[in-house]
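Below you'll find the structure, written out as structure tokens, and then a few comments.
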Protein chains: 2
Amino acid sequence: MSTARRRPGRRGADAGNRGKILAAAAKRFTELGFRATTIRGVAADAGVDPALVHYFFGTKEQLFAQAMALPLDPGAVVEEMLAPGVDGVGRRLAARLLQVLDETAPANPVLALIRSATAHESAATMLREFLTAAVLNRITAALDVDRAELRAALCASQVVGLIVAREVVGLPALRTTDRAVLAGIYGDTLQRYLTEPL
Amino acid sequence: MSTARRRPGRRGADAGNRGKILAAAAKRFTELGFRATTIRGVAADAGVDPALVHYFFGTKEQLFAQAMALPLDPGAVVEEMLAPGVDGVGRRLAARLLQVLDETAPANPVLALIRSATAHESAATMLREFLTAAVLNRITAALDVDRAELRAALCASQVVGLIVAREVVGLPALRTTDRAVLAGIYGDTLQRYLTEPL
DNA sequence: AGCAGAACTCTACGGCTGCTGAAATCTTGG
DNA sequence: CCAAGATTTCAGCAGCCGTAGAGTTCTGCT
């Protein structure tokens with residue numbers, strides 16, 4: 001039994017294999033990071049020959065860039081955080097982050113970048129640019145405070161730490177404690193990093 | 001030229017290859033994490049045949065455990081943090097952490113565990129136990145506060161975040177800002193997590 | 001209808017990995 | 001001084017990996 005090999009050649013009009021590959025790649029990259037993700041594994045998830053992955057997306061690095069590009073679109077979130085004004089922006093950030101962590105666990109794209117940044121320099125760069133330029137610098141710029149870059153970095157360090165401590169290290173207290181309580185605690189920290197005198 | 005292969009057989013009485021292998025393994029594990037470290041690479045650093053690594057330490061996982069066990073001995077540090085009393089314990093923790101990060105960069109053992117925890121479950125467990133049981137729980141226990149486990153986890157999240165943001169992501173502001181300033185900011189956060197009402 | 005090209009699979013190459021068994025060499029105890 | 005044991009290298013197995021090239025089948029245009 002078993003192999004049941006499929007014949008080569010073009011499939012039906014809307015095979016959608018390109019999309020399946022992209023989805024499978026995003027999933028595996030987010031859960032395993034760059035290095036531990038294999039083209040063969042992605043292809044297996046998508047029900048496709050590994051060579052097809054290469055045919056559509058080129059090298060593994062190009063696949064990574066394309067699979068990770070889509071899930072990261074923080075523009076709308078930033079607007080939403082800033083809309084109600086400066087007061088409580090830290091709290092809103094923390095609450096939103098915890099919500100997203102719960103909803104997307106364990107396949108959070110930022111977590112994917114963190115995992116990959118370990119062994120893959122370009123992922124570290126993607127993550128650095130995403131954290132600062134795409135999210136936090138926008139917030140600090142809108143708040144018009146001094147030492148904006150430092151404030152953004154402080155926030156990033158607490159955000160990253162929360163993600164890693166919860167999802168990678170798996171500290172139990174961060175999983176069991178009520179989300180609203182955590183949002184309050186971390187919100188105070190972020191608010192201080194953003195607007196209080198340093 | 002080159003190969004200049006060495007003949008097999010026992011070396012001089014105090015070849016010390018076992019120690020060389022252990023040191024090379026610790027270095028590579030700390031800089032690259034578990035997965036990206038190869039036995040062959042460790043052997044090359046130690047100037048030794050890869051098979052000798054297996055002869056001394058068994059599997060790669062056993063080598064990891066033995067190479068990482070030594071650098072993590074936080075007992076004395078904890079005593080030192082608590083000695084002057086509760087006031088300013090957060091500040092002392094932050095200052096000490098930043099100092100150690102500077103001195104050991106980029107080969108910090110905790111960073112090694114973080115890198116490895118990505119792809120290696122036992123490293124995640126080691127890190128979790130090290131962070132909570134070996135360090136932070138001792139502090140919270142000595143402070144006699146409520147919600148000790150949560151407080152320890154909060155501190156761990158900020159500590160881990162600082163390490164990752166600085167050493168893995170490489171946020172510039174965290175490298176250029178004066179160490180004392182950072183120690184003050186993070187010290188306040190840790191102090192709040194440890195002793196303030198939540 | 002016919003043809004260009006897109007989609008798809010097969011096979012395979014070269015390289016790297018952890019790990020093993022055997023042989024070679026040295027040290028040490030008797 | 002010789003046997004037993006410790007250390008060290010060699011050679012290689014089996015298994016992954018990313019990637020390339022050639023061949024097969026289907027779609028869409030004319």
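Sequence lines set the chain letters: A, B, ... in the order given, protein chains first and strands last, and positions in each chain run from 1.
- In this structure, B:F57 places its CZ atom 16 Å from P of C:dT20, rounding to the nearest Å.
- Between A:Y55 and the phosphate of C:dA7, there is a side-chain N or O to OP1/OP2 separation shorter than 4.0 Å.
- Atom CZ in A:R40 sits roughly 14 Å away from atom P in C:dT9 (whole-Å rounding).
- Rounded to 10 degrees, the angle separating the terminal axes of the helix from C:dA1-D:dT30 to C:dG30-D:dC1 is 0°, with each axis obtained from five end pairs.
- If you take CD of B:Q62 and C1' of C:dC19, they are 12 Å apart, rounded to a whole angstrom.
- Rounding to whole angstrom units, NZ of residue A:K20 and P of C:dC8 are separated by 9 Å.
- Looking at A:R192, its side chain does come within 3.5 Å of a backbone N or O of B:I185 through a donor-acceptor pair.
- If you check every strand for non-hydrogen atoms under 4.0 Å, A:R18 touches nothing.
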Worksheet entry | side chain to side chain contact (heavy atoms under 4.5 Å, CB included) between B:L194 and B:V145, worked out | CA-CA 8 Å; B:L194 285 175; B:V145 288; over 6 Å; no
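- For B:N17, the side-chain atoms get nearest to D:dT8 when compared with the rest of C:dG18, D:dT8, D:dG18.
- Residues B:R179 and B:D102 are paired through a salt bridge, judged by an N-O separation under 4.0 Å between the basic side chain and the carboxylate.
- Here A:R28 pairs with A:D45 in a salt bridge; the nearest charged N to carboxylate O distance falls below 4.0 Å.
- Across all non-hydrogen atoms, the minimal contact from B:V42 to B:A24 is O-CB, 3.8 Å.
- Looking only at distances, a side-chain donor or acceptor of A:R166 sits under 3.5 Å from a matching main-chain atom of A:L174.
- Residue pairs that meet the side-chain hydrogen bond (donor to acceptor under 3.5 Å, both in side chains) test with at least one member in residues 140-150 of chain A, sequence neighbours left out, are A:D146-A:R151.
- Between A:E167 and A:R175, at least one side-chain N (NZ, or NE/NH1/NH2) sits under 4.0 Å from a carboxylate O, which counts as a salt bridge.
- Atom pair B:I39:CD1 and C:dC19:P shows a separation of 6 Å (rounding to whole Å applied).
- Heavy atoms of A:F56 sit under 4.0 angstrom from primed sugar atoms or phosphate atoms, though from no base atom.
- Near DNA chain D, defined here as any heavy-atom distance below 4.0 Å, the residues from residues 45-54 of chain B are B:V48, B:D49, B:A51, B:L52, listed numerically.
- Using a 4.0 Å cut-off between charged nitrogen and carboxylate oxygen, B:R96 and B:E80 count as a salt-bridge pair.
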